[in-house]
Visitor: 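Pasting a structure below so you can have a look.
By convention in this document, chain letters (A, B, ...) are assigned in the order of the sequence lines, proteins followed by strands, and residues within each chain are numbered from 1.
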Amino acid sequence: MPFTVATWNINSVRLRLDLVQRYLGEHAPDVLCLQETKCPDELFPREAFEALGYGHVAIHGQKGYHGVAVISKLPFGDVVRQTFCGIEHARHLSVRLEVNGRPLRLHNFYVPAGGDEPDPAINDKFKHKLDFIEEMRRVTSFAEPETSAILVGDLNIAPYETDVWSHKQLLKIVSHTPVETEGLLVAMQDGAWADLIRARVPMEEKVYTWWSYRAKDWLAADKGRRLDHIWGSGDLVPRLLGHSILKDARGWDRPSDHVPLSVTLDL
DNA sequence: ATGGTCGGCTCCCGA
């Protein structure tokens, strides 16, 4: 049975509720993970998703900043909201669900962006980002026995050369510096995660999920980066049926600067 | 050429 999990940095779930509704209506993933909801839990538009058949919603929000949510057609349990680096930011949420009898742990992450200056000695936000991905190494795909695992989210790092529009021009730009890309790949290796999008897209092919608001013509310039990711435990790789990166959504009215992406698995 | 544009209990900060 095909199971589709999607992830989208929505940059305010209340402002862009119509876009989320459109995405769910047109693409109907089984589970959608949101980041940057920027919404206190008591104001989260839960009912709007329930009305669309997404009766199971978990949120980890805070006022004004960050915030993650899991919106699901399928029931889930064992909701965990982890904090990282001892900092009380709403950047993680995980749930346990069962798809056709197969237990599945799903992690939803919003990794700190890291500011502009890629030097942890002078930029606390960059230090926080490096510490955060260091701590992510302990989030593994094999943590629970007999349980498959998926990790999605805005990881704010484009690890490979073909994950950015210009590798050379971005080497000193936060999101593509070697200390970040190497750190993220170590976290992926330590957790025995497989990059499910790169399992579908040849490494030679450029893939982006984010285009800056600042470009005057984002589509013509096409200076994107692959900041959003879907990782899975190794057992899921042979079960991959398809993937989608909805670049069109960047051109929707009042868009997020990130687009939704998903994988479909045969579970 | 070091800009530019978003969103949020907004006149700055984080992205």
Side-chain angles (χ1 to χ4, degrees), chain A residues 7-23 33-45 48 59-69 83-85 87-92 108-120 122-133 152-159 163-177 179-181 184 208-229 247-261:
Chain A
T7 178
W8 195 6
N9 177 321
I10 194 61
N11 188 15
S12 174
V13 67
R14 285 175 290 170
L15 191 71
R16 290 186 234 288
L17 181 57
D18 57 331
L19 300 190
V20 186
Q21 288 169 318
R22 174 175 175 185
Y23 177 70
C33 295
L34 295 173
Q35 303 86 35
E36 273 206 277
T37 52
K38 294 185 173 177
C39 180
D41 288 350
E42 62 273 19
L43 297 178
F44 194 89
I59 49 185
H60 183 191
Q62 66 181 83
K63 190 168 70 176
Y65 301 98
H66 323 309
V68 289
T83 57
F84 286 76
C85 312
I87 296 175
E88 294 286 327
H89 286 177
R91 296 184 176 276
H92 169 268
N108 179 8
F109 271 96
Y110 176 49
V111 172
D116 289 330
E117 184 56 60
D119 180 351
I122 60 171
N123 176 5
D124 287 342
K125 290 199 281 274
F126 194 69
K127 181 180 189 315
H128 180 208
K129 184 178 197 177
L130 297 183
D131 291 346
F132 194 102
I133 58 174
V152 308
D154 176 5
L155 305 186
N156 265 316
I157 296 171
D163 291 338
V164 291
W165 64 276
S166 169
H167 171 61
K168 280 189 177 176
Q169 285 177 260
L170 289 175
L171 272 170
K172 292 179 178 171
I173 302 297
V174 171
S175 74
H176 195 61
T177 65
V179 65
E180 294 170 82
T181 59
L184 190 70
Y208 313 139
T209 64
W210 172 90
W211 291 261
S212 172
Y213 283 128
R214 294 173 186 173
K216 68 174 192 289
D217 186 342
W218 72 275
L219 186 58
D222 200 26
K223 293 182 173 180
R225 305 178 202 170
R226 187 170 74 109
L227 302 181
D228 304 274
H229 299 272
K247 187 173 178 180
D248 283 359
R250 184 62 179 79
W252 289 355
D253 193 38
R254 296 197 78 187
S256 168
D257 44 357
H258 297 252
V259 299
L261 54 149

Visitor: Can you tell me, in whole Å, how much space there is between the P of B/dC6 and that of B/dA1?
Guide: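 That atom pair is separated by 26 Å.
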Visitor: Using a 4.0 Å heavy-atom cut-off, write out nucleotides 4-15 of chain B from 5' to 3' as B (base contacted by protein), S (sugar-phosphate only) or - (no contact).
Guide: BBSSSB----SB
Visitor: Roughly how many Å apart are B/dG3 and B/dG7, using the P atom of each and rounding to a whole number?
Guide: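 So the two P atoms sit 22 Å from each other.
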Visitor: Between the side chains of A/Thr7 and A/Gln35, does any donor sit under 3.5 Å from an acceptor?
Guide: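 On atom types as modelled, these side chains qualify, holding a pair under 3.5 Å.
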Visitor: If we take the P atom in both B/dC9 and B/dG14, what is their distance in whole Å?
Guide: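 Between the two P atoms, the distance is 15 Å.
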Visitor: What residue pairs, at least two apart or across chains, pass salt bridge (charged side-chain N to carboxylate O under 4.0 Å, His left out) with a residue in residues 11-22 of chain A?
Guide: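 Sorted pair list: A/Arg22-A/Glu26.
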Visitor: What's the gap between B/dT10 and B/dT5 when it is taken at their C1' atoms, as a whole Å value?
Guide: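 Roughly 15 Å separates the two C1' atoms.
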Visitor: Nearest whole Å is fine: how far is B/dA1 P from A/Lys216 NZ?
Guide: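 Checked: the NZ to P distance equals 17 Å.
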Visitor: Answer yes or no: is there a donor N or O on one side and an acceptor on the other, between the side chain of A/Asn108 and the main chain of A/Ala69, under 3.5 Å?
Guide: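 Confirmed, A/Asn108 side chain pairs with A/Ala69 backbone.
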Visitor: Which atom names give the shortest non-hydrogen contact between A/Tyr213 and A/Asp257, and what distance separates them?
Guide: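 Smallest heavy-atom distance, with atoms named: OH-N, 3.2 Å.
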Visitor: Do A/His92 and A/His60 pass the side-chain hydrogen bond (donor to acceptor under 3.5 Å, both in side chains) test, and can you show the C-alpha distance, the side-chain angles, and the key distance before you say yes or no?
Guide: CA-CA 7 Å; A/His92 169 268; A/His60 183 191; 5.8 Å; no
Visitor: For the residue pair A/Tyr110 and A/His66, does the interplanar ring angle fall in the parallel (under 30°), tilted (30 to 60°) or perpendicular (over 60°) class?
Guide: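 Tilted.
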Visitor: Measuring only the P atom in each nucleotide, how far is B/dC13 from B/dT2? A whole number of Å is fine.
Guide: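 So the two P atoms sit 23 Å from each other.
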